[in-house]
Amino acid sequence: MQLSKADLLKAYRMMKTIREFEERLHVEFATGEIPGFVHLYAGEEASATGFCMHLDGRDKIASTHRGHGHSIGKGCDVDAMMAEIYGKKSGLCGGKGGSMHIADLDKGMLGANGIVGGGPPLICGAGLAAKVLKTGGVAIAFVGDGAFNQGTTAESLNLASVWRLPCLFVVENNGYAEATSSKYSVSCDDFTDRAAAYSMPGIAVDGHDFFAVYEAAGEAIKRARSGGGPSLIEVKLNRYYGHFEGDAQTYRGVDEVKNIRATKDCLVLFRRRVEGAKLLDASELNKIDADVMAQIENAVKKAKAAPKPTAADLMTDVYVSY
Amino acid sequence: MQLSKADLLKAYRMMKTIREFEERLHVEFATGEIPGFVHLYAGEEASATGFCMHLDGRDKIASTHRGHGHSIGKGCDVDAMMAEIYGKKSGLCGGKGGSMHIADLDKGMLGANGIVGGGPPLICGAGLAAKVLKTGGVAIAFVGDGAFNQGTTAESLNLASVWRLPCLFVVENNGYAEATSSKYSVSCDDFTDRAAAYSMPGIAVDGHDFFAVYEAAGEAIKRARSGGGPSLIEVKLNRYYGHFEGDAQTYRGVDEVKNIRATKDCLVLFRRRVEGAKLLDASELNKIDADVMAQIENAVKKAKAAPKPTAADLMTDVYVSY
Amino acid sequence: MARKITYQQAINEALSQEMSRDPRVIIMGEDVAGGAGTDGEDEAWGGVLGVTKGLYKKFGDRVMDTPITESAFIGAAVGAATAGLRPVAELMFIDFMGVCLDQIFNQAAKFRYMFGGKAETPVVIRTMYGAGFRAAAQHSQCLYPVFTHIPGLKVVMPATPYDAKGLLIQAIRDNDPVIFCEHKVLYTLEGDVPEEPYTIPFGEASVVREGKDVTIVTLGRMVHMATEAADNLAKQGIKCEVIDLRTTSPMDEDTILESVENTGRLVVVDEAHPRCNIATDVSALVADKAFDSLKAPIKMVTGPHVPVPFSDVLEDLYIPNAAKIEAAVRLVMGKKN
Amino acid sequence: MARKITYQQAINEALSQEMSRDPRVIIMGEDVAGGAGTDGEDEAWGGVLGVTKGLYKKFGDRVMDTPITESAFIGAAVGAATAGLRPVAELMFIDFMGVCLDQIFNQAAKFRYMFGGKAETPVVIRTMYGAGFRAAAQHSQCLYPVFTHIPGLKVVMPATPYDAKGLLIQAIRDNDPVIFCEHKVLYTLEGDVPEEPYTIPFGEASVVREGKDVTIVTLGRMVHMATEAADNLAKQGIKCEVIDLRTTSPMDEDTILESVENTGRLVVVDEAHPRCNIATDVSALVADKAFDSLKAPIKMVTGPHVPVPFSDVLEDLYIPNAAKIEAAVRLVMGKKN
Ligand SMILES: Cc1ncc(C[n+]2csc(CCOP(=O)(O)OP(=O)(O)O)c2C)c(N)n1
Ligand SMILES: Cc1ncc(C[n+]2csc(CCOP(=O)(O)OP(=O)(O)O)c2C)c(N)n1
Ligand SMILES: [Mg+2]
Ligand SMILES: [Mg+2]
């Protein structure tokens, strides 16, 4: 699949935006100003980006508790996301949802989800709607390695297969569910071993390599769009921070993250590849870096300064009518 | 695996008892005297028998809504079962459970279950108890083809594998879940395709052939008992009656059951085999037939005559203490 | 409106008319058509008790049989509702909520709030509840108090064929998630039902008997027990006002309070288990907001704090009935001061 | 008993002492040890908030990390309880009940009844509930009214470190299924806790303040809000009797009724959503059985009928507090006649 220069710039900007968003949250969280649980996606950017680069307004995604990357990928407003994480009235969800419930249905982002395995059934529904309404859309459930064991995921794989839905199930295998290794909790060696159980293609891909993800994603999306049914894709990747902010991560090997950052960082790999192949030059990418830094800086400033919701907001938005 | 003459007689008696129990219920249900939902196991006897013949007091099973066969196999009292189905005080559950909740924990029968997919998690627990308490016991979850899709089943397969529990998951694939074909509802061609998803052996066996079931069961049970972990066994078989009594079964092909009864009946096949090989002779088997007829006749008579529970029974048996 | 049809037919008709009216309405559930993938008849069941029979013939693929995976297909209905469809999913028995509740109470119910008002989830979950079929502990529960407890859900409990049709059409056209609870014993109940589509607004109770002595607030199948009791009591000169809540969320507080302000006496009848149920909910409402009108203790007639038993004798003892309601009414009347 | 430890330590100590006493007690849940299969530390977490920390070191394989499959492992705990173990399973947040409720309410809760009294299921499900952590709608719910509704379950709601230890030991020794609800905000609360094991019987409320003017019935974290309110009101000359239910099923009706018979006034404080909750339950009880003693309407102070919001301002508005309780008390006092 050919990526135009514009595509490459877009992809890099998307990854960089996610990275910078998360790195900054990591810093800001430590100040104590951000409430609640925050799960960072840093390190996994190539996955969200590799898939979302193929998507348009017809398409839907459902995310997880670790949802910032998917949200940015699907086009959620970064300022509004940041404000949401700070619990502000100007937040994407008016401050009612927070990090774990960022959503923008208008953008086809069906929500981060506080329930592990909450997304796959919803994505069957989004796929069904696309099929019935003949929108040509596809629907993607992102799930973690831990979430993949959840019964809701298994049921959804079966249902998507039985109904031949235009769905993708993307396992972002970062090796851990909280402090538990996927080597312990997942009873198969590769998630692709579970694809045959549902008669769907199963593809494993290196999630540090944007191009690999992009290609696998493209094929599965093409198949889904053309009525070929669902696919399962395992993206092998790593998270740079703890399960949530505040996690001491004593379960990880010494220098584990340091080594990954040094050798497999998706942004570094991307730059090396596109610069090496002379598809983009460093200055263009540096400019994006600078833009993104400024954008995130601005988002944080605005979020901090923004007013909080007020008592009038407590009881609204429960029902359309009651 | 060698079956002694006593074993063969026991197996035949077990299958015949189940068959007669169910055939008689089919007749009695039509009179309107039996309350509630009744799901008959007729046609599937070789499965319950093939497994239960290997079990002893250490072992546990969990059954389904179609539980009479497993209950008889695991040694539940036939009179008390019949009385239970009639809702009588002398019933195995004092008339409080009925057909769908027949259980006898003392016998290691953890219950029929009104919830499709209710049994597998419980069986993980029974297997865990056997492992922790080092009883040497195994635990078997019987599930239907429909139930196998349920998320609880998938989760249990994973958990049993992760914890290496002495469990068996037996899919009794009778081709239907209510009026829905397993060809429609199950997204893989063979249930054994789902074994690899959980790194456990998957074996398919002809459920009309007691000897085939017995052998496959024996191997999986041996493996479980010796610490080798769980297995998945698909037993391909047929049910002779509707999903429940009262089902008109218009979804079935013309003469479907008639043909199966004529060519694949497990009792007929068993007799042909043991008589052909001169392991047992017809008179011995005929005697069992007569015994069983008398036993069931007696059970029905007693059940009909037995007193119902009374008001004093309504509020008891909820808690051990409250 | 001379035409009489059953509660079950009324539900079927509501579905059929709404599917004709709006192509976004689809139906899904286990054997809602039946026969999928089999050699035999195509629409072999039309629901386990035949409630959706005929819809597959009329609407084809818009009536979808599902595997037995309630989380997946209820969740799919929820997801589809956020994406442009108006699904009616069938949870065969309300008792099965335990395998799919998350998709209902944490997803559907909370989207709008969590997403800052920017979600609409027009999904209907039809489900069968209640005792009386000798179906034992896992197929006879009420459980609507659980759904009523959850903000974001609407809970509908029709007691008559007329209400079943009007409330179901309302549910389908409603833009919030609705739990539509059908009492299995009522399916064969006949009543007057207009042929044309009509809606009954949520949150409007129906006063099915007027009376000045005692208010009986009830819902679902118990409405019939209560009217039977009221009829018997009328012969003894005790005039009961019987209020059918019709929806428990929203609940028509005004009608309850006004009635108690007139009668000064309240009996609440609820088939559900006694703890944290609709009976306690209505009692508490009145003990707060109509306290000064009360002339007697508020009595509740409910199922007991035990699972539903199988045996017919026990199940009959379990279910609230006219005699128990009459006793409660007499009790609150005896307290006259 | 001069030793002060936290609520969280009290729970840990109860688990540890019972595991030492009875080899059949095992613990399972997500990251109750933590670190399974990893290259790093073995007992990396000891529970998501560290409540079970140290138990894996002491008891090894009897502390079992699980995959994220609540149906499977809660069900396994239930099954193991019928087969000779006494498991304590952790449902990390009570909000997750939607993915495993069946194993709790249709299986564990009903075995004994469905099986005619021939089952014992000594399983404890420890779970964390309540608002206050800015954890939003899917990690802040109360939901204990749902469990209280279900016959066959016992529901335990400790408010103090002392009660947490004694009630948990009782729960583990109890032969019925117990839902043990821990308020996340209370984990760091300190209090006097004896070192030796002790039990607190279920169904015995604790009168934490005596007073003759108004009865405040409450539970869990709200006990502290209520005592704060009572202290403030005492300064204004209003004497509140504060009753901590400690267990909602069984519930100590006698203590509630006796108190209301003395005070004639009742305020019920419950953090849960307002419909079909413990507040309505207690109100209804009193409006039935202590009606003649009542001098004023029964007021309820509860969370509102909305999901729990994320933003700190909104969450603080959401949670019942001393000011709201004081207002309710003044209201029922104003109604003096
Ligand atoms: C049903 C449910 N169970 C447990 C949790 C608590 N929890 C939140 S995230 C998480 C780990 C998820 O791991 P994985 O799916 O691998 O995603 P990752 O965090 O690695 O992105 C757990 C156990 C939850 N939110 N929902
Ligand atoms: C959770 C749940 N969903 C649906 C049902 C209704 N139901 C009872 S049996 C059954 C079909 C089960 O099919 P299968 O597992 O193949 O078993 P079989 O009846 O063929 O023995 C269904 C849908 C139920 N009891 N529980
Ligand atoms: Mg992970
Ligand atoms: Mg079947």
Side-chain angles (χ1 to χ4, degrees), chain A residues 34-37 65 84-89 91 93-101 113-118 144 146-152 175-187 243-244 247-254 256 308-311 313-318 322, chain D residues 29-50 64-73 75 92-93 95-100 102 132-141 273 303-319:
Chain A
I34 295 175
F37 295 111
H65 55 287
E84 186 58 35
I85 292 166
Y86 274 86
K88 298 305 177 72
K89 170 102 178 163
C93 309
K96 288 177 174 172
S99 166
M100 260 192 298
H101 305 298
N113 211 308
I115 302 300
V116 167
F148 203 87
N149 290 320
Q150 193 68 281
T152 53
Y176 298 98
E178 292 186 349
T180 297
S181 168
S182 54
K183 286 186 215 109
Y184 172 82
S185 70
V186 182
S187 59
H243 169 65
F244 42 32
D247 175 5
Q249 301 189 70
T250 59
Y251 49 88
R252 296 186 95 159
V254 186
E256 183 184 310
K308 294 186 174 184
T310 64
D313 298 311
L314 179 64
M315 303 294 292
T316 56
D317 302 329
V318 185
Y322 195 63
Chain D
E30 291 150 16
D31 293 299
V32 287
T38 66
D39 294 340
E41 209 188 342
D42 238 9
E43 192 192 41
W45 272 24
V48 64
L49 299 183
M64 308 182 72
D65 281 341
T66 66
I68 311 173
T69 53
E70 286 84 0
S71 278
F73 79 78
M92 191 187 296
F93 287 77
D95 312 69
F96 306 162
M97 71 167 196
V99 297
C100 62
D102 186 72
F133 262 37
R134 319 317 185 192
Q138 294 175 339
H139 287 74
S140 307
Q141 295 168 87
H273 300 306
H305 189 66
V306 305
V308 182
F310 166 65
S311 179
D312 52 0
V313 208
L314 295 180
E315 194 182 35
D316 289 343
L317 287 162
Y318 177 96
I319 301 169

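Letters go in sequence order (proteins before strands), and every chain restarts at 1. Atoms considered below: every heavy atom in the structure, side chains included; atoms not considered: hydrogens, waters and symmetry mates.
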Note to self: With heavy-atom distances below 4.5 Å as the criterion, would you say the side chains of A/T180 and D/E30 are in contact?
What the structure shows: no
Checklist line | Pairwise side-chain contact, A/V186 with D/P67, heavy-atom cut-off 4.5 Å (strictly under) | finding: no
Checklist line | Heavy-atom check, side chain of D/H139 versus side chain of A/H65, under 4.5 Å | finding: no
Notebook entry, point to check: Where does A/F148 contact chain D at under 4.5 Å (heavy atoms): side chain, backbone, both or neither?
Noted result: neither
Margin query: I need the residue from A/K183, A/K88, A/Q249, A/M100 with the largest number of non-hydrogen atom pairs under 4.5 Å to chain D.
Written below: A/M100
Margin query: Between D/V48 and A/H243, is there a side-chain heavy-atom distance shorter than 4.5 Å?
Written below: no
Check: Between D/A72, D/G40, D/A135, which has the largest tally of heavy atom pairs under 4.5 Å with chain A?
Finding: D/G40
Margin query: Can you give me the closest heavy-atom contact between A/H101 and D/A136, atom names plus distance?
Written below: CD2-CB, 3.5 Å
Notebook entry, point to check: What residue in D/A137, D/A36, D/A33 has the most heavy-atom pairs under 4.5 Å with chain A?
Noted result: D/A36
Check: Which pair of heavy atoms, one from A/T310 and one from D/L317, lies closest together, and at what distance?
Finding: C-CD1, 4.3 Å
Margin query: Is A/I85 close to chain D through its backbone or its side chain, or both, or neither, when contacts mean heavy atoms under 4.5 Å?
Written below: backbone
Next item on the list: Below 4.5 Å from any heavy atom of chain D, which atoms of A/N113 appear? Answer side chain, backbone, both or neither.
Entry: both
Check: What are the two closest non-hydrogen atoms of A/L314 and D/P304, and how far apart are they?
Finding: CD2-CG, 4.3 Å
Check: How close do A/Q150 and D/T69 get, heavy atom to heavy atom, and via which atoms?
Finding: OE1-CA, 3.5 Å
Next item on the list: Taking all non-hydrogen atoms of both residues into account, name the closest pair between A/M315 and D/H305 and its distance.
Entry: CE-N, 4.4 Å
Item checked: Distance in Å, D/I68 CD1 paired with A/T152 OG1, rounded so as to fall on 0.5 Å steps -> 10.5 Å
Next item on the list: Please state whether the side chain, the backbone, both or neither of D/D312 comes within less than 4.5 Å of a heavy atom of chain A.
Entry: side chain
Item checked: For D/F310 against A/Y86, the heavy-atom pair lying closest together -> CE2-C, 4.4 Å
Item checked: Toward chain A, the part of D/E70 with a non-hydrogen atom under 4.5 Å -> both
Check: Hey, is the main chain of A/Y251 close enough, under 3.5 Å, to the side chain of D/T38 for a donor-acceptor pair?
Finding: yes
Next item on the list: Look at A/G87, A/S185, A/A179, A/S181 and state which one has the largest set of heavy-atom pairs under 4.5 Å with chain D.
Entry: A/A179
